[in-house]
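Data first, discussion second: the structure below is written as structure tokens.
By convention in this document, chain letters (A, B, ...) are assigned in the order of the sequence lines, proteins followed by strands, and residues within each chain are numbered from 1.
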Number of protein chains: 2
Amino acid sequence: MPDINAADRKSTASDVAKLAGVSKWTVSRAFTPKASISQHSREKVLKAADELGYKPNLLARGLSKNKSNIIGIVVDNFENPHKLMLLNEVTTQLQNKAKIAMVLNISNANSSTRVLTQADQFQVDALIFLGSFITEELIELAITIKHIPFVVVGRSTDITNLNVISTDDISAGQEIAKLLMTQGFSRFGFMSGPESQSTWLARFEGYKSYLAKSNINVEAVLKAGKYDRQRGFAVMDSYLIDHGDDHVEAIFCENDILAIGALDAIKKHGKKIAVVGFDNIELANATSFALTSYRQPLNLMVAQALKVIEDPNASSSQQLPGKLVLRNSHKNSQ
Amino acid sequence: MPDINAADRKSTASDVAKLAGVSKWTVSRAFTPKASISQHSREKVLKAADELGYKPNLLARGLSKNKSNIIGIVVDNFENPHKLMLLNEVTTQLQNKAKIAMVLNISNANSSTRVLTQADQFQVDALIFLGSFITEELIELAITIKHIPFVVVGRSTDITNLNVISTDDISAGQEIAKLLMTQGFSRFGFMSGPESQSTWLARFEGYKSYLAKSNINVEAVLKAGKYDRQRGFAVMDSYLIDHGDDHVEAIFCENDILAIGALDAIKKHGKKIAVVGFDNIELANATSFALTSYRQPLNLMVAQALKVIEDPNASSSQQLPGKLVLRNSHKNSQ
DNA sequence: TTGAAAGCGCTAACAT
DNA sequence: ATGTTAGCGCTTTCAA
């Protein structure tokens, strides 16, 4: 059958070759940055390509080069606005490198085994775990799909042989402890999110160790169990119910949405407790909260993560410095 | 060279064929739901595949079937937590259909032309615009990449020949007007986000028309210009500064993050103005806001969108009913 | 039901 | 610098 639909079909390298009067391999060369091809030929080809609206089929290229330029972005929680900041950063940086982000949702009902297998079948070049609640099981799974390099962004863990790019959580915790001590508080608390044996609460370590230098204990550790505003509220609410007027003066929450929940609970009880969060989500800036928080260096973290998955040799974990963002919630008089 | 690295390489249909003692075409059939193949052969193949950890290469399949099963999800704004709800829904539903989401970030500095072209090169089967601020230019672009069907989710527009799946914004606006009138208010306002000639503020239409039935005008339309909490705050702040005690009693904000900003401004001025938002983001439930909002039927919207891109004939726009979520912010006495 | 040939659109490697 | 052969891993089509 003659090619009646040629106009509707995407044109291929062969079409361009025909129009430019060269072979299709020359067309391929014209689209390969440092291929040996004459200036003349390249121009002819590019002109013809432009006329036909030709753009190389990246799936075909991927098949032949055995490199898809597709990166799997693994997300296990869609409740925290912070994820959106990360997604924004990672998609932007990938796009700028002519790569593309495939979002893999392993939250809730989605079977992570199934989804990661799917990603593997789509030939993702690498997997990036976005600040996920990494479990042993997940790591196991990622390793099973063993051809794929992967890196964890924004989550401390003590699993060895794992590439992790995160904020320097120890220092962050210390800085926050220092800030609160400077305010003159003497009774401190901490609110934690999900817990697993494989993840290490470096933020808490830094916080605790700094206070310890002044012989101060963290007297209350409120376990929210997940990164969830409602849980943050609930756990602070019951703490205040249980403790009456005998409560901590300042609390460091593992992240902003927990902190926001906590602030609401504190407000409900009409108490004054200083609160510091983590992530510096946009909402921290709302006057209702004026939440003092800690900004992670997302751009650097993502850039480093991309470097790691590109060059498996350079593989190494890193802790990057973030920055305290002062508002009002950490002060002793708000 | 003998295949020394066979163990490290992903195994292919040929590997499986060899082990199962059949041809590679039979292997392909074993993985094709209704192919004609004997039960016996299929079992042999599946067993061999399992042994080798073989899974079909979906990129290769895509190339040969001219269908990638990759869907481009176009996102132009990463500030609104509502996007995360949408992303969660769309990735989950796609994954359940053995398809995968490629997130295309056209916010800020990302050139939408470049990104959509990139998506085209990756052979996305379709494009889904997520509640985006659709411009004429964007539509133009999407049409230029003409082989690709696309659909807009969650954004009313009056551009014709465009598949749009959205909440029934007219009814929603009416419901909200009714709710506020029931509270006994008589002076009403509206806060809008970004404006373009191509998008139609159906929510506002419904709101306005319902009030008009009682001969009531919307006396103040605050234009935030973008979906941004800070802008919501700022525009309400200056409204209150300008109007002193002579202000509306109730305001409907185009979405929740605007509403949250507005609430903070109202609080700052120590005023009482009823506020209703839209989207029902998780934060609406925070006690600081107790924001009455409107929940869009995201699951239905996304399901419908997927149906539309799968079957171009069924293409048609739809308005799906959502649901008012009552909290405290709409009441005349909070 | 099964095997074989041809082709999806591209690139690596070799030949000229 | 350019054309050719072969091949990436799969499916479609045609024979047997």
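What you find for Thr117(A) and Thr113(A) is that their closest heavy atoms are OG1-O, 2.7 Å.
Contact check on Glu43(B) versus Lys47(B) returns no salt bridge, with no Lys/Arg side-chain nitrogen under 4.0 Å from an Asp/Glu carboxylate oxygen. Ion pairing between Lys10(A) and Asp120(B) holds under the 4.0 Å rule for side-chain N and carboxylate O.
Here Ser36(A) lies in heavy-atom contact (under 4.0 Å) with a base.
The terminal axes of the helix from dT1(C)-dA16(D) to dT16(C)-dA1(D), fitted over 5 pairs per end, subtend an angle of 40° to the nearest 10°.
Donor-acceptor pairing under 3.5 Å is recorded for the side chains of Gln296(A) and Thr167(A). For the 3.5 Å distance criterion, the side chains of Ser107(B) and Asp76(B) fail to qualify, holding no donor opposite an acceptor.
The shortest distance between side-chain heavy atoms of Phe122(B) and Met102(B) falls below 4.5 Å.
Checking Thr91(A), Leu87(A), Val124(A), Leu86(A) one by one against Ile73(A), the side chain to side chain contact (heavy atoms under 4.5 Å, CB included) holds for a single residue, Leu87(A).
Residue Lys67(B) qualifies as open at atom NZ: its count of foreign heavy atoms under 6.0 Å is 12 or below. In this structure, Asn96(A) places its CG atom where more than 12 heavy-atom neighbours from other residues, nucleotides or ligands lie under 6.0 Å away.
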Let me have a per-nucleotide readout for nucleotides 6-16 of chain C, 5' to 3', with B, S or -, counting only protein heavy atoms under 4.0 Å. BBBBBBBB---
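Asn80(A) contributes no side-chain N or O that, together with a main-chain N or O of Lys83(A), makes up a donor-acceptor pair within less than 3.5 Å.
Once you apply a 4.0 Å limit to the heavy atoms of chain B, the touched nucleotides of DNA chain D run 5' to 3' over dG9(D) to dT13(D).
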